[in-house]
Amino acid sequence: VEEEALKKGLKIIPYGRHEKARFRLLDYANGKAVVNIHGKTHRFPCTLPPHMQMNMLAILASVHTLGYPVQQCFGALHNPELLPGRGRRHSVFLDNKKITLIDDSYNANPDSMIAALQGLCFAAPRPASRLAVLGDIAELGATEVERHLELVDSIKKANLSRLLLCGPLMLHVWEQVKDTVEGKWFP
């Protein structure tokens, strides 16, 4: 892609975590992002889920390239209004206790579920407060069992306080994790 862009005289703006990135993510933890933009370091509050970090850099690169100050974006990244099913957070009160529900349900696939589990760890740094509810992923074809089993390592790494799995395909996952996490499988 880069070669074709250069042939057409298009400007390439590298971004990411790599050393050649002009818009480089240096750190992202505890609700704060540290980015380097053309050699200048910026620190700002950011609550985007981890799987949206590269999108954030693409936005900053676009804004800067169009000649606008990137600092104007920092406030919007602090507590963005995410789309329904794409990591949107809801505050719910149960027994006078505030609970944050993260809706990451849109168009699930193994990669998006893994990203959602990583996002849960980011949003709930204390493992005692992590509960995941996962259901079967449809339309995976002949490899549906193997694709569901791709979730096992991420579930174990998420150090969940509780796991609820739903559907016949999630039974395969439950069999692999039931000795490592409190929870239940529902048919």
Kindly say whether [Y] contributes a backbone atom to a donor-acceptor pair with the side chain of [X] at under 3.5 angstrom?
X	Y	answer
D136	M170	yes
S112	N109	yes
T180	V177	yes
W185	G167	yes
S161	R130	yes

Any side-chain heavy atom of [X] within less than 4.5 Å of one from [Y]?
X	Y	answer
I155	V173	yes
T41	L26	yes
L149	Q176	yes
F23	I13	yes

Shortest non-hydrogen contact from [X] toward [Y]:
X	Y	answer
V70	L60	CG1-O, 3.5 Å
L169	I137	CD1-O, 3.9 Å
L57	Y15	CB-CD1, 3.7 Å
P69	V63	O-CG1, 4.0 Å
L151	P110	CD2-O, 3.7 Å
G16	A21	N-CB, 3.6 Å

Taking atom [atom1] of [X] as the centre, report whether more than 12 heavy atoms of other residues, nucleotides or ligands fall under 6.0 Å from it.
X	atom1	result
K157	NZ	no
R43	CZ	no
Y68	OH	no

What about [X] and [Y], same hydrophobic cluster or not, with Ile/Leu/Val/Met/Phe/Trp/Tyr joined at side-chain heavy-atom distances under 4.5 Å?
X	Y	answer
V145	L140	yes
V34	Y28	no
I37	M54	yes
F93	L101	no

Contacts of K184 that satisfy salt bridge (Lys or Arg N to Asp or Glu O under 4.0 Å) - sequence neighbours left out = none

Distance from [X] atom [atom1] to [Y] atom [atom2], nearest 0.5 Å?
X	Y	atom1	atom2	answer
S154	Q118	OG	CD	6.0 Å
L171	L165	CG	CG	9.0 Å
I99	L94	CD1	CG	4.5 Å

task = With K20 as reference, evaluate R24, R22, H18 under the side chain to side chain contact (heavy atoms under 4.5 Å, CB included) test and give the passing residue.
result = H18

key: Test side chain to side chain contact (heavy atoms under 4.5 Å, CB included) applied to L131 and L163, step by step   = CA-CA 6 Å; L131 162 71; L163 174 66; over 6 Å; no

message = Between K11 and T65, does the side chain to side chain contact (heavy atoms under 4.5 Å, CB included) criterion hold? Intermediate values first, please.
response = CA-CA 10 Å; K11 184 176 183 179; T65 301; 4.3 Å; yes

inquiry  = Checking V152 against H172 for the side chain to side chain contact (heavy atoms under 4.5 Å, CB included) test, could you report, in this order, the C-alpha distance in whole Å, the side-chain angles of both residues, the deciding distance, and whether it holds?
reply    = CA-CA 9 Å; V152 170; H172 302 282; over 6 Å; no

request  = Not counting sequence neighbours, which residues clear ring-ring contact (aromatic ring centres under 6.0 Å, His included) with F74? List them please.
outcome  = H42, F44

query = Is there a side chain to side chain contact (heavy atoms under 4.5 Å, CB included) between L6 and I12 once you walk through the steps?
reply = CA-CA 8 Å; L6 290 172; I12 297 173; 3.6 Å; yes

ask   = Restricting to pairs with a member in residues 141-153, which pass side chain to side chain donor-acceptor pair (under 3.5 Å), not counting sequence neighbours?
value = R147-E150

message = Regarding E4 and K8, does a basic nitrogen lie under 4.0 Å from an acidic carboxylate oxygen?
response = no

